[in-house]
Amino acid sequence: MLPKLAFLSLVFSHLYPTVLSQSRTPTLGIADGLISLDTPSFSVQLVKDSQTLASLKPKGSAAQTNNGTFDFAPFDQLANRQFNGNYQLGDITFRARIAGSSGAFINGDTSAARRPVTAVTASGSTLAAANLSATLPATSLLNIVRRWTLQNQTLGLEFDVSNHQTQAVEIGSIGFPIVFNTIFTGRTSTDTNFNCSLIDPYIGADAGFVQVMPLLGTLPPLIITPLSKSPFEAWRFLPESTANTPFYQSQTFEGYYEWQTHTLAWAQNEWKNVTPWNVPTSEVLQPGQTRTFGLQFHLGTTIRDIDTTLANAGQPTTFGVPGYILAADQMGKLFINYSSPVQALSVSPTNALTLTRNTEGKNGFTGFTVTVPSSEQALPARVRVTITYADGKNQTVHYFVIKPATQTISDLGNFLLQNQWFVNSTDPFHRSPSIISYDRDVNAFVTNDDRAWIPGLSDEAGAGSWLAAGMKQFAQPNAAEVTKFEQFINQTLWGSVQLSNGTSVFGVRKSVYFYQPALVPGYNYDTADYNFGGSWNQNASFLLNRAYDYVHVTAAYWAMYRVARNYPALVTRPWQWYINQALQTVLFVTNSRNGVGFADDGLMGETVWRFLLDDLQREGLTTNATALQSAMQARERNWSGERFPFGSEMAWDSTGQEGVYMWAQFFNDTATRVNALNSILAYQPTIPHWGWNGNARRYWDNLYGGKLRRIERQIHHYGSGLNALPLISEFESNPTDWYLLRTGYGGLSGPLSNIDTGGFAAASFHSWPDTLKFDGYSGDYGPNFVGHTLNARTIIINHPNFGWQAFGGMVSSSTTTSATIQIQDSLRRRIFIAPFGLLLSLDAGAFSSAVVDTQAKTVSVTILPAAPGAVNAAKAPQGRLVVTKTASVAGIGNFTPMTSLNVDAGAFVVPFQSGAATVSLASA
Ligand SMILES: *[C@@H]1O[C@H](CO)[C@@H](O)[C@H](O)[C@H]1NC(C)=O
Ligand SMILES: *[C@@H]1O[C@H](CO)[C@@H](O)[C@H](O)[C@H]1NC(C)=O
Ligand SMILES: *[C@@H]1O[C@H](CO)[C@@H](O)[C@H](O)[C@H]1NC(C)=O
Ligand SMILES: *[C@@H]1O[C@H](CO)[C@@H](O)[C@H](O)[C@H]1NC(C)=O
Ligand SMILES: *[C@@H]1O[C@H](CO)[C@@H](O)[C@H](O)[C@H]1NC(C)=O
Ligand SMILES: *[C@@H]1O[C@H](CO)[C@@H](O)[C@H](O)[C@H]1NC(C)=O
Ligand SMILES: *[C@@H]1O[C@H](CO)[C@@H](O)[C@H](O)[C@H]1NC(C)=O
C-alpha cells in the first residue's frame with residue numbers, strides 16, 4: 001500500500017506556491033491568553049484580545065469516543081492563522097453607505113487590520129461581549145457589539161449593529177465567516193479523519209443552516225441556525241493569502257466561506273452578471289437604531305438525525321421526492337414539517353413549477369405535489385420556491401428542472417457522437433476517430449491544452465467524453481451511435497489509448513497527446529492560449545502507470561459487452577470479445593508486475609468491475625470470474641487491515657470509498673464496509689437545494705479538468721454520481737434507512753443537471769456567487785455519468801410519514817397495501833421495491849409500470865422494447881429480467897415469475913407480444 005500521508009503531495013506539489021519567508025506580525029493576540037466559557041453542549045475558548053473562537057469541543061459520550069481530542073475549531077492551527085486577513089469564527093464583514101446615496105459602499109471587515117477589541121461587561125444570557133470599533137476603520141459607519149450568548153441552553157453568536165450617524169445608513173451586505181477545522185495540511189490520514197470536519201450550507205433564507213460534519217461520520221454534527229432574524233441569503237468565498245502554511249485554498253485546505261444575510265452590495269457589483277440563489281437585500285438603520293444579527297450552534301446526535309436537531313432548534317425540515325432535480329415529465333413531492341402553517345408560496349421564475357397541496361403527509365408533514373407546466377420550454381432551469389410561514393419566516397427551496405429524463409439521455413448521446421465526434425486522419429496524436437473534449441463556450445473541440453490528458457483521451461478529464469458516450473450506449477443504445485463507438489474502439493481506444501500488442505499489451509496511456517514539438521513537426525500547439533511550461537512530453541504521456549485510467553477503458557468494453565449481448569444486431573464484434581477485453585484490462589492493472597500506480601486504492605467508477613464479475617459468473621465463464629475475483633480479493637485484503645483505506649493521489653479524497661465499499665460488501669467485510677459508508681456520510685449531505693443535495697465533496701478538480709481553474713466547492717462533479725452507488729446499495733440492504741435514500745438519490749440525480757439543453761454535459765457547476773454556472777469544459781463528466789447509469793432506478797417506498805412514494809416514478813393509484821407506479825427514471829432498467837427488499841433489473845428492454853401488492857406479496861411489471869421519450873433508441877428483441885433480493889424482510893421470501901420463462905445467463909427471457917410484455921412475480 002502506498003503511504004497515505006497528508007503531507008504536501010509530491011505529485012501535485014505545483015499546487016503550492018513557494019513559501020515566503022517574510023516575517024509577519026501576529027495580530028490576533030494569542031499571547032495575551034484565552035477565555036474559557038462553558039455551555040451544556042460545548043467547552044468554548046475565545047482568544048481574549050479578539051474574542052474570536054479558538055476552540056469548540058463537544059461534550060458528551062459521542063465526543064469522547066475520539067479520546068476527547070476532537071475540536072470543531074482549528075485550534076491546533078491557530079498559531080498559523082493569527083495574522084491580519086485570517087478569518088476566525090466571530091469575525092464580521094459588511095458593506096454600508098449613507099442611505100439614499102448612490103455612492104460606493106464602505107467595507108467593514110474585523111479580520112483585515114486587527115486590534116484588541118474592547119471588552120464589555122457581560123450579564124444575563126451574555127457570556128462574553130466586546131465592542132468591535134477598535135478593529136474596524138473609523139469610516140465604517142456602523143458600531144458593533146459582539147456577544148457570545150447562552151439562550152435556551154444553546155450557544156449563540158450575536159452582533160448588535162447600531163447606527164451612530166446622524167443620517168440613516170444602508171447595510172448593503174453583512175456576513176459571518178464560518179471557520180471550523182477543515183484544514184488537512186500537514187496531517188496524517190488518521191489525524192485528518194479523526195480531527196477534521198467539512199462544512200456545507202443550506203442557502204435557504206430563514207430556514208437556512210450550516211452543517212459541520214466530522215470526517216469520521218460517526219461523531220455528532222454541529223448545526224448552525226439563524227438567530228435574531230439573520231436569513232441565509234448567500235455563501236461567499238472569503239479570499240485569504242495563500243502563501244503560507246496551512247496553505248489556504250490548496251488541495252489540503254479548501255478555504256472558508258461566510259453566511260451572508262444581506263448581499264445587495266455584492267449583487268450590484270461583483271455579481272451583477274449572475275442570477276443569485278436568493279433575492280439580494282439590504283436594510284436601512286435609522287440614526288440611533290440597533291439591529292441584532294446572529295447564529296446559534298447546536299450539537300446534533302448523528303448525521304442521520306440532523307432533521308431532529310433542526311426541529312428541536314425550531315427550524316422547518318424538508319423531505320423532497322425524488323429530491324430537487326426534477327424531470328419535466330415527473331411529479332415531485334415536497335413535504336415540510338414546521339410548527340407554523342404555510343401561508344404563501346411563490347416560484348421564481350414565475351410559473352416555472354406548480355405546487356399543489358396534497359394530503360399525503362402525516363405526523364406533522366404538509367405535502368405539496370410539484371409539477372412542471374407543459375408551457376415550460378426553457379429547460380433545464382434553476383427554479384426557486386419560496387415558502388412563507390404564518391410566523392413570517394421565509395424558506396427557499398432550490399430546484400433544478402430538466403427535460404424529460406429519457407430525452408436528456410438521448411440529447412447527451414447525440415451531442416457526444418455528433419458535436420464531439422472528432423475525425424481527422426492526419427492527427428499526429430492518433431486521436432481519430434474519437435469523442436474528444438469540448439469547450440461549450442466557443443463550441444469547439446479541445447484539441448490543445450497544457451493539461452495534456454484533456455485533449456489526450458485519457459485520465460478522467462480526457463476519457464470523460466468517450467466514457468460518457470459508451471455508458472450512454474449501455475443505458476440507451478442507439479444504432480448509429482453504437483457504430484461510431486465501435487469505430488472509436490477499433491481504431492483509437494484499442495491501439496492508441498490502449499496498447500494492442502507487445503509486452504505491455506492492454507496497458508493504458510495517461511494521454512495520447514503530449515507537448516514535444518520536435519516529434520510532431522508542423523503541429524499547431526496554440527501557444528498563444530496555453531502555457532506549456534509544465535506539460536507532459538511523449539514519455540510522460542505514454543506512461544502506463546495510472547490505475548484510474550484503466551477503469552474507464554474497462555467501462556467502455558463492459559458497456560459494449562452489454563450492448564452486444566442484449567442488442568446483437570447493433571454491433572460488428574461478438575460479445576465475447578468485449579467481455580474479454582474488459583477482463584484483460586482489469587487483470588493488467590491489478591498484476592503487480594505491471595507496476596501500475598494506485599492499483600491498490602479504491603478507483604473511481606470501479607463498481608463497473610463488480611458488474612463485470614457478476615456478468616462473467618452469469619455467463620458461466622468460471623475461470624475468468626475466478627481470476628477477477630482473486631484480483632479483487634487481494635486488494636480488499638489490504639483494505640481490511642486499515643482503518644482509513646480511502647487513499648488516492650491526493651492527501652484527502654472522496655474517490656476511494658466507492659470501491660472500498662463495493663468489495664468490502666462483496667467479501668462480507670462488515671467493518672470496512674461500514675467505515676467506508678460513514679466516511680461518505682460525512683461528505684455527501686442531503687439538503688433542500690439541488691446543488692448540495694447528494695453533492696459529494698469535490699473542490700480541486702477544476703484545476704485538472706475545468707476550463708475555469710479554481711479551487712472551490714464543486715457542484716455535482718463526479719463524486720455525486722459515484723458516491724451515490726454505495727449509498728443506494730446500502731439502502732437496498734436496509735430499505736427503511738431513509739437518510740441513505742435521500743442522499744443517494746440526490747447523488748445519482750446530480751449528473752443529470754450537468755446536461756444542457758443541447759445535450760452538452762459539463763464537468764461541474766461553479767458554486768461561487770460571482771459565477772453560479774456550469775463549467776465550459778466537458779472535462780471529467782464521464783465518471784459522473786458512470787455513477788448515474790450504474791445506479792439510476794425507480795425506488796418505490798411505503799413511508800410512515802408519506803405513504804407510497806416513488807423516487808424516479810409516479811404513484812398513479814394506491815391503497816394501504818398496494819400501489820401502481822409509472823416508471824419514469826432516466827434508464828427504466830431497474831425498479832427497487834423497498835417493502836419487499838426486491839430489485840428488478842432489465843438487461844434489455846424498459847420498464848413501463850409496476851403494480852405492487854404487499855398483502856398478496858406480488859409485483860407485476862410491464863416491459864417495453866425501448867423507453868418512451870428516448871430518441872432513436874434501439875428496440876430490445878426481448879426483455880431480459882434479473883430478480884435480486886437485496887434485504888431480508890419479515891414474511892417476504894424470494895420472488896419468482898408466476899409463469900414459466902426461459903432463463904439465459906441468470907436472466908428470465910421475456911418475449912414481447914404486440915410490443916409489450918407483462919411479468920408477474922410472487923414471493924415464495
Ligand atoms: C485514542 O487512544 C487510543 C488508545 O490510547 C489510541 O490507540 C488512538 O490512536 C487514539 N486516537 C486518537 C484519534 O488520538
Ligand atoms: C427559546 O425557546 C422558546 C420556547 O421554545 C422559543 O420561543 C424562543 O424562540 C427560543 N429562543 C431562542 C433564542 O432560541
Ligand atoms: C419574506 O419574504 C417576503 C417577500 O420577499 C418579504 O416581504 C418579507 O419581509 C419576508 N419576511 C421576512 C420575515 O423576512
Ligand atoms: C487535421 O489535423 C491536422 C494536424 O493538426 C491539421 O493541420 C488539419 O487542419 C486538420 N484537418 C482538419 C480537417 O481539421
Ligand atoms: C471493428 O474491427 C473488427 C475486427 O477488425 C471488424 O470486424 C469490425 O467490422 C470493425 N467494426 C467497426 C464498426 O469498424
Ligand atoms: C502494434 O500497435 C501499434 C499501435 O499501438 C501499431 O502501430 C503497430 O502496427 C502494431 N504492431 C503490430 C505488429 O501489430
Ligand atoms: C477466460 O476463460 C477461458 C476459458 O473459459 C480461457 O481460455 C481464458 O484464458 C480465460 N481468460 C482469462 C484472462 O482468464
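All values reported here derive from a predicted model rather than from experimental measurement. Note that ligands are numbered from 1 as they come in the structure, with each ligand's atoms numbered from 1 the same way.
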NZ/NE/NH1/NH2 to OD/OE distance under 4.0 Å, Asp38 and Lys59
yes
**Asked** Looking only at N/O atoms, are Gln487 and ligand 5 under 3.5 Å apart anywhere?
**Response** no
message: Using a 6.0 Å distance limit plus a 45 degree cone around the ring axis, check whether Lys510 lies over the aromatic ring of Trp453.
response: no
Side-chain ion pair, Asp615 and Arg562, N-O less than 4.0 Å: yes
Closest heavy-atom approach to atom 14 (O) of ligand 2 among His298, Gln153, Gln296 is made by Gln296
re atom 7 (O) of ligand 5, the protein heavy-atom contact at minimum distance is Thr572 O, 4.6 Å
Decide, yes or no, whether a salt bridge links Glu486 with Arg573 under the criterion of side-chain N to carboxylate O below 4.0 Å.
no
Exercise. State whether any protein heavy atom lies less than 4.0 Å from atom 2 (O) of ligand 2.
Key: yes
Short version for Gln491: what comes under 4.0 Å of ligand 5, heavy atoms counted, is neither
So that I can tick it off, tell me whether Lys229 and Glu283 are bridged by a salt bridge, with the cut-off set at under 4.0 angstrom between side-chain N and carboxylate O. no
Does Arg565 pair with Asp843 as a salt bridge, N-O distance under 4.0 Å? no
heavy-atom search around atom 10 (C) of ligand 6 in the protein gives Asn501 ND2, 2.3 Å
For atom 13 (C) of ligand 2, the closest protein heavy atom turns out to be Gln151 OE1, 3.3 Å
Here the atoms of ligand 5 under 4.0 Å from any heavy atom belonging to Glu486 are 13 (C)
Nearest non-hydrogen protein atom to atom 12 (C) of ligand 2, with distance, is Asn152 ND2, 3.4 Å
For Ser500, the atoms of ligand 6 under 4.0 Å from one of its heavy atoms are 2 (O)
Shortest non-hydrogen pair, Trp259 vs Gly208, comes out as CH2-O, 3.7 Å
Ring of Phe159, cation from Arg146 - is the NZ or CZ under 6.0 Å from the centre and inside 45° of the axis? no
Closest non-hydrogen atoms of Ala556 and Phe485, given as atom of the first, atom of the second and distance, are CB-CZ, 4.0 Å
heavy-atom search around atom 5 (O) of ligand 6 in the protein gives Gly495 O, 2.6 Å
The answer for which part of Leu227 has a heavy atom under 4.0 Å from ligand 2 is side chain
Ligand 5 to Asn490, heavy atom cutoff 4.0 Å, flagged ligand atoms 1 (C), 2 (O), 3 (C), 8 (C), 10 (C), 11 (N), 12 (C), 14 (O)
